[in-house]
Visitor: 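Next up is a structure, given as structure tokens.
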Amino acid sequence: MKLLIRNLDRTSTEASLRTLFETHGSVQSCSLVMDESTGLSKGFAFIEMPKAGEAKAAIKNLNASDFEGSAIRVKKAQ
């Protein structure tokens, strides 16, 4: 299942995001969307988790939680 994570702090990294989601299951891929001109995060990312049950647990437990100073939003990507 592909998840969309929004409202990330601009200094968040793929490694820290992957670590957060791995507490809820296996992470197939993590891609933080970067601004080409500044090299900083655009504030959102995509995480792919191969097991739907683990992905749903991550959504339930991480949506509206504090991550590196920001209340992140986690939902299934459309």
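For this chain, numbers begin at 1 and follow the sequence in order. Just so we're clear, the structure is a prediction, and the values are computed from it rather than from any experiment.
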Visitor: Can you name the nearest heavy-atom pair linking Ala57 to His24, along with the distance?
Guide: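 Taking every non-hydrogen atom into account, O-ND1, 4.3 Å.
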Visitor: In the hydrophobic clustering that connects Ile, Leu, Val, Met, Phe, Trp and Tyr at side-chain heavy-atom distances below 4.5 Å, which members other than Ile47 occupy its cluster, ordered by chain and number?
Guide: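 Same cluster as Ile47: Met1, Leu3, Ile5, Leu8, Leu17, Leu20, Phe21, Val27, Leu32, Met34, Met49, Ile59, Leu62, Phe67, Ile72, Val74.
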Visitor: Scan residues 11-23 for pairs that pass salt bridge (Lys or Arg N to Asp or Glu O under 4.0 Å), counting only residues two or more places apart or in two chains.
Guide: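 Output for this query lists Arg18-Glu22.
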Visitor: Between the side chain of Glu54 and the main-chain N/O of Ser26, is any donor-acceptor distance below 3.5 Å?
Guide: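 Yes, Glu54 side chain to Ser26 backbone: donor-acceptor pair under 3.5 Å.
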Visitor: Hey, could you give me each pair passing salt bridge (Lys or Arg N to Asp or Glu O under 4.0 Å) that has a residue in residues 29-49? Not counting sequence neighbours.
Guide: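 Checked against salt bridge (Lys or Arg N to Asp or Glu O under 4.0 Å) - neighbours excluded - no pair reaches residues 29-49.
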Visitor: Give the minimum heavy-atom separation between Ala71 and Ala64, together with the two atoms involved.
Guide: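 Heavy atoms only, the tightest pair is CB-O, 4.5 Å.
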Visitor: About how many Å separate NZ of Lys76 and CG of Leu4, when rounded to the nearest 0.5 Å?
Guide: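 Rounded to the nearest 0.5 Å, the CG-NZ separation comes out at 13.0 Å.
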Visitor: So which heavy atom on Ser12 is nearest to which on Ser41, and how close?
Guide: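 Residues Ser12 and Ser41, closest heavy atoms: O-CB, 4.4 Å.
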